[in-house]
Amino acid sequence: MSTLITNIAELMTQDPEHRVLKDAAVVIEGERISWIGQASGAPAADDAVDAGRRAVLPGWVDSHTHLIFAGDRTAEFEARMAGEDYSAGGIAVTTEATRTTGDYDLTRLAQGRVAEAVSQGTTYLETKTGYGLDVEQEARSARIASTVADEVTYLGAHLVPAGMDAEEYAKLVCGPMLDAVRPYARWADVFCERGAFSEEQSRSVLQACRDAGLGLRVHGNQLGHGAGVRLAVEFGAASVDHVNYLSEQDIAGLAAGWTGWDAAAGTGRRGTVATCLPACDLSTRQPLAPGRQLLDAGVPLALASNCNPGTSYTSSMAFCVTTAVLQMGLSVHEAVRAATYGGALALQRESGNDVDGERAVGSIAVGHRADLHVLNAPSATHLAYRPGMPLTHAVWRAGVRAR
Ligand SMILES: N=CN[C@@H](CCC(=O)O)C(=O)O
Ligand SMILES: [Zn+2]
């Protein structure tokens with residue numbers, strides 16, 4: 001079964017050449033893109049869809065979410081808007097609510113959040129554990145996550161549960177909890193921050209998880225300067241996320257990791273992607289991450305929603321893109337790239353058709369997964385030009401019409 005999407009005013013491919021085609025068309029065959037080019041030269045297909053002179057982008061790749069939770073943190077948000085600081089301790093409130101919610105309800109909640117994201121153009125999505133914080137509950141979160149998300153990250157090292165000794169808990173995270181979660185997860189993460197895990201504790205978690213064969217990610221430099229970025233670079237983590245407080249050495253270290261990387265060919269030694277979470281920065285009233293500075297230094301950037309009940313209760317990638325343009329100094333093309341190709345790079349899904357049997361996501365090219373986002377606008381510029389407007393017109397996810 002093939003579908004021709006034609007009459008596309010602007011096709012922002014986010015491919016290695018950064019091509020933006022005018023008057024374009026795309027053919028989807030099964031779950032893959034089989035042709036792109038000028039509409040006038042499009043081949044015949046079983047089915048045709050008229051895009052009505054709208055813009056088409058790759059679906060958003062949301063590389064950082066925490067969707068496996070129950071409960072509500074409105075009161076904490078209100079207190080923050082009244083001047084309180086964000087602290088990692090709020091995670092305990094969600095942990096309590098999550099532990100006392102049954103599998104069926106927890107799964108339904110997570111499915112609902114994924115559906116919200118997809119209806120706004122997200123077609124590939126990572127999610128984390130981290131609100132279970134004991135062996136059984138973390139394994140349950142990972143199992144549920146594996147049924148709702150494309151990528152699962154083990155975040156047992158999110159907060160030391162009340163009443164537990166930090167060193168004892170870190171041993172649990174590196175031992176029995178890791179064993180229990182391992183079958184469901186591709187990634188491991190650690191919240192390396194004041195009030196969460198120290199540099200040494202983070203180091204032991206990263207080491208154990210790497211030894212167990214998990215890819216690494218780090219929550220780092222969110223609330224102040226610290227060791228997160230440095231550790232992420234040292235361990236060759238795929239991504240370090242938040243990156244609000246960076247020293248010159250942090251930025252130089254991230255950039256140095258990519259020397260030898262051929263962005264066009266997608267080959268060579270890869271470094272650590274810097275993932276900015278602007279919705280979280282606004283909700284916690286932190287300074288926005290220095291995305292412009294990172295890009296100028298040559299560090300590949302991702303934008304992600306960080307959807308979670310504490311610091312960023314939104315899955316709107318369009319909101320993140322809009323903020324990145326209006327507040328962080330990115331161009332529309334750069335922001336869309338960070339929210340599509342950048343997310344794929346952070347999840348190491350940006351190229352090749354044979355990684356774990358998966359197709360490349362985050363850009364529009366022949367052979368890639370057919371993840372498309374049709375905007376109700378003639379160009380992607382409208383994402384920033386018309387902030388807050390519901391611009392998602394249609395979504396294809398792995399070749400299936402999802403909206
Ligand atoms: N910073 C650490 N973890 C989440 C927030 C978790 C919470 O407060 O519930 C984040 O990425 O912002
Ligand atoms: Zn997070």
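One-based numbering, in listed order, for ligands and for the atoms of each.
The shortest non-hydrogen separation linking Ala25 to Ala39 is CB-CA, 3.8 Å.
For the pairing with Glu31, the salt bridge (charged side-chain N to carboxylate O under 4.0 Å, His left out) check across Arg359, Arg369, Arg397 returns one residue only, Arg359.
Residues Arg349 and Asp150 are not paired through a salt bridge, judged by the lack of any N-O separation under 4.0 Å between the basic side chain and the carboxylate. Residues Glu78 and Arg80 are not paired through a salt bridge, judged by the lack of any N-O separation under 4.0 Å between the basic side chain and the carboxylate.
Distances from atom 10 (C) of ligand 1 to the heavy atoms of Leu159, Thr95, Asn306 show the closest one on Asn306.
At least one side-chain heavy atom of Asp281 sits under 4.5 Å from a side-chain heavy atom of Asn244. For the pair Thr123/Val361, no side-chain contact is recorded, criterion being any heavy-atom separation below 4.5 Å from C-beta on. By the 4.5 Å heavy-atom criterion applied to side chains, Leu375 and His382 are not counted as neighbours.
Ligand 1 places these atoms under 4.0 Å from at least one heavy atom of Arg73: 7 (C), 8 (O), 9 (O). Here is the list of ligand 1 atoms found below 4.0 Å of a heavy atom in His242: 1 (N), 10 (C), 11 (O), 12 (O). Set against the non-hydrogen atoms of Gln222, the atoms of ligand 1 under 4.0 Å away are 1 (N), 2 (C), 12 (O). The Thr311 neighbourhood of ligand 1 comprises atoms 5 (C), 8 (O), 10 (C), 12 (O), with distances under 4.0 Å to a heavy atom of that residue. Close contacts of ligand 1 with His64, meaning ligand atoms under 4.0 Å from a residue heavy atom, involve 11 (O). Here is the list of ligand 1 atoms found below 4.0 Å of a heavy atom in His219: 1 (N), 2 (C), 3 (N), 11 (O). Atoms of ligand 1 lying under 4.0 Å from at least one heavy atom of His158, given by number and element, are 2 (C), 3 (N), 4 (C), 6 (C). For ligand 1, the atoms sitting less than 4.0 Å from at least one non-hydrogen atom of Asn308 are 5 (C), 6 (C), 7 (C), 9 (O), 10 (C), 12 (O), numbered in the order shown with element in parentheses.
Angle OD1(Asn306) to the Zn ion (ligand 2) to NE2(His64): 80° [nearest 10 degrees].
Taking the centre of each ring, Phe69 and Tyr313 come in below the 6.0 Å mark. When ring centroids are compared, His393 and His373 stay outside the 6.0 Å threshold.
Among the backbone and side-chain atoms of His66, an N, O or S atom lies under 2.8 Å from the Zn ion (ligand 2).
Taking any N or O of Tyr86, backbone or side chain, at least one lies under 3.5 Å from an N or O belonging to ligand 1.
Residue contacts with ligand 1 leave out Thr94, since none of its heavy atoms falls under 4.0 Å from the ligand.
When distances from the Zn ion (ligand 2) to the N, O or S atoms of His219 are compared, NE2 comes out shortest.
Between the side chain of Arg54 and the main chain of Ala51, a donor-acceptor pair closer than 3.5 Å is present.
Protein heavy atom nearest atom 6 (C) of ligand 1, with residue, atom name and distance: Tyr131 OH, 3.3 Å.
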